[in-house]
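What follows is a single structure, written as structure tokens, with notes after it.
Note on naming: letters A, B, ... go to the chains in the order of the sequence lines (proteins, then strands), and numbering restarts at 1 for each one.
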2 protein chains.
Amino acid sequence: MNFQKRKQIILDKLNTVGEVDVKLIAAELDISEITIRRDLNQMAGDGLLYRTHGGAMKVNPFEVPHEFVNKAAKNVEAKDKICRAAAEQINHGDIIFMDCGSTVFRLCQFIKGKKIKVITNSIPVVYELQNSLVSLNIIGGEFNAERQAVHGSIANEHIARYKANKAFLGVDGISRNGLFANSELEAEITQAFASHSAKTYLLCDDSKIGKESYLRFGELNLINSIITNSKSDELAFFRKKGVEVIDV
Amino acid sequence: MNFQKRKQIILDKLNTVGEVDVKLIAAELDISEITIRRDLNQMAGDGLLYRTHGGAMKVNPFEVPHEFVNKAAKNVEAKDKICRAAAEQINHGDIIFMDCGSTVFRLCQFIKGKKIKVITNSIPVVYELQNSLVSLNIIGGEFNAERQAVHGSIANEHIARYKANKAFLGVDGISRNGLFANSELEAEITQAFASHSAKTYLLCDDSKIGKESYLRFGELNLINSIITNSKSDELAFFRKKGVEVIDV
DNA sequence: TTTAATTTGTTCAAAAATAATCAAAATAAA
DNA sequence: TTTATTTTGATTATTTTTGAACAAATTAAA
């Protein structure tokens with residue numbers, strides 16, 4: 001009984017029953033609980049399931065499209081902590097930008113009850129907030145199916161027409177050398193968000209801190225505040241540079 | 001019975017009944033009241049519900065997520081016939097506008113395989129077409145949850161930047177006296193679509209022909225072609241006025 | 001108003017689940 | 001074969017979750 005086989009059995013059970021229990025699985029497969037826990041943790045890290053105390057659940061009971069969900073399901077606990085802290089920064093009447101990152105997406109669940117305006121280019125965000133107290137403004141332009149969001153010059157111009165209190169953004173990486181993005185389109189829209197917002201918050205889990213990928217598109221001072229679960233030494237440097245660091 | 005599961009059950013109950021009671025939930029799930037209280041407090045902290053003495057209530061009492069679905073499900077056979085005929089009008093390479101009506105929505109299923117550009121203010125249309133060959137352009141602006149679409153001056157300006165071959169529109173009513181809409185916002189965006197499209201198709205089932213509701217916003221000549229299942233005498237008048245009538 | 005009943009938060013303890021550490025077993029590589 | 005690597009399990013310490021008891025706060029009743 002190897003990992004692959006157990007993984008298969010666990011996923012099957014999740015699909016049929018919707019949830020699994022560490023003890024039951026361990027007894028059923030005649031294997032130790034700690035091993036099952038390790039399996040579940042690894043699979044949760046891959047976004048294949050949602051880890052609970054004593055077991056695991058299906059990632060999404062209600063279906064939201066596809067690869068976005070999987071990405072969004074990675075590192076869930078850290079992201080939720082970050083987003084809970086981010087939600088505390090949002091007050092009644094605020095006008096906020098939300099970008100299309102998977103971390104920022106998880107902010108939705110914490111702001112449904114707030115009377116605010118959200119301006120976003122992310123369709124999942126729209127979907128998640130459409131029946132909430134939040135008033136929505138959708139950024140127009142060409143839709144990118146992979147990112148489930150709108151990007152491009154029309155989108156950037158749309159943003160430029162508004163002025164928000166706060167922007168909640170994600171990046172692909174951040175280091176002492178600046179901010180990094182996966183593509184030019186993402187870089188440009190992030191800059192547009194930042195420059196039309198009074199305050200800019202960066203939501204990033206530990207995997208992004210110190211990471212330098214693809215395209216360097218901006219200096220650290222583009223953002224005012226980083227909300228993160230990371231304990232990296234890099235954070236001290238950010239602070240020295242005048243960036244607020246909110247630790248969760 | 002872990003936190004995640006209880007949370008789900010509580011949310012389900014809130015959605016169906018509208019409120020929950022600590023004692024009842026505790027008895028039902030066979031768990032202590034203090035635990036339920038802790039659950040409710042945490043969920044209230046996340047903005048998922050309003051905490052009351054002895055229980056909790058839904059955050060937003062008004063919910064309209066299924067209205068669109070219900071509306072879309074009416075008169076399905078007629079609408080599908082109309083849309084199948086509409087799809088025949090669409091060729092490879094076309095750039096088309098699609099508005100947010102329930103009839104136009106049903107056009108999606110017939111154009112998924114076409115290599116065209118769709119410019120739309122309807123979020124359901126975006127959802128339906130997001131994993132198809134269709135390239136999407138989303139019209140930006142303020143989102144209206146009831147109509148599941150974007151309307152307003154920003155949206156109208158967005159439309160004005162583009163020029164489409166064909167527009168597929170719905171109205172609330174059409175008679176020899178002109179076109180009728182439910183609201184100013186819908187009227188304005190319909191006019192914007194029509195004036196930035198080379199050819200304008202009106203998709204309407206028999207219930208709309210001869211109907212004169214709320215706001216008269218345009219002349220018959222705003223549209224070039226009506227696709228309908230109606231056998232009304234009115235159609236002869238439309239033809240006489242130079243409007244093509246495609247009968248299904 | 002005052003009084004009673006209910007609901008709630010706090011503190012503490014028990015139980016359950018988990019992570020960490022290290023050793024044993026299984027597997028792969030040399 | 002031997003050696004290294006990975007996987008697994010047992011033990012222990014830590015963390016999380018839960019419930020009971022009781023005081024404080026809130027609501028309802030007199």
### Query
Is Glu88(A) reaching over with its side chain to a backbone N or O of Ala85(A), donor-acceptor style, under 3.5 angstrom?
no
### Members of residues 15-24 of chain A that approach DNA chain C, where some heavy atom sits under 4.0 Å away
Val22(A), Lys23(A)
### Message
Output one letter per nucleotide in nucleotides 9-24 of chain D: B when a protein non-hydrogen atom lies under 4.0 Å from the base, S when only the sugar-phosphate is that close, - when neither is.
### Response
B------SSBB-----
Do any side-chain atoms of residues 239-248 of chain A form donor-acceptor pairs under 3.5 angstrom with protein atoms, and if so which ones, sequence neighbours left out?
residue   : atom : partner   : partner atom : Å
Arg239(A) : NH2  : Val245(A) : O            : 3.4
Glu244(A) : OE1  : Lys199(A) : NZ           : 3.3
Glu244(A) : OE1  : Ser225(A) : OG           : 3.0
Asp247(A) : OD2  : Lys231(A) : NZ           : 3.1

### Query
Is there a side-chain contact between Tyr201(A) and Leu169(A) (heavy atoms, below 4.5 Å)?
no
### Summary
Min and max contacting nt of DNA chain C in 5' to 3' order, chain A heavy atoms within under 4.0 angstrom, are dA17(C) to dA19(C)
### Query
Of all residues at least two apart in sequence or in a different chain, which pass the side-chain hydrogen bond (donor to acceptor under 3.5 Å, both in side chains) check with Ser213(B)?
Asp172(B)
## Note on the structure
Students should find that the end-to-end axis angle of the helix from dT1(C)-dA30(D) to dA30(C)-dT1(D), with five pairs defining each axis and rounding to 10 degrees, is 30°
#### Entry: 4.5 Å side-chain heavy-atom contact, Ile9(A) and Leu29(A)
yes
#### Entry: Partner residues of Asn41(A) under the side-chain hydrogen bond (donor to acceptor under 3.5 Å, both in side chains) criterion, sequence neighbours left out
Arg51(A)
### Message
For Glu19(A), give me all partners under side-chain contact (heavy atoms from CB on, under 4.5 Å), at least two apart in sequence or on another chain.
### Response
Met57(A), Lys5(B)
### Task
Tell me, please, which residues at least two apart from Ser135(A) pass side-chain hydrogen bond (donor to acceptor under 3.5 Å, both in side chains).
none
### Query
Are a donor atom and an acceptor atom from the side chains of Arg37(B) and Ser32(B) found within less than 3.5 Å of each other?
no
#### Entry: Which residues share a ring pair (Phe, Tyr, Trp, His ring centres under 6.0 Å) with Phe193(A), sequence neighbours left out
Phe97(A)
### Message
Just the rounded figure in Å: distance from C1' of dA25(D) to CG of Asn41(B).
### Response
14 Å
Determine all donor-acceptor pairs shorter than 3.5 Å in which one atom belongs to a side chain in residues 160-168 of chain A; sequence neighbours excluded.
residue   : atom : partner   : partner atom : Å
Arg161(A) : NH1  : Glu157(B) : OE1          : 2.5
Arg161(A) : NH2  : Glu157(B) : OE1          : 3.0
Arg161(A) : NH2  : Glu157(B) : OE2          : 3.4
Tyr162(A) : OH   : Asn137(A) : ND2          : 2.9
Asn165(A) : OD1  : Ile95(A)  : N            : 2.7
Lys166(A) : NZ   : Gln89(A)  : O            : 2.7
Lys166(A) : NZ   : Asp94(A)  : OD2          : 2.6

### Task
Output all residues satisfying side-chain contact (heavy atoms from CB on, under 4.5 Å) with Asp21(B), sequence neighbours left out; order by chain, then residue number.
Lys23(B), Leu24(B)
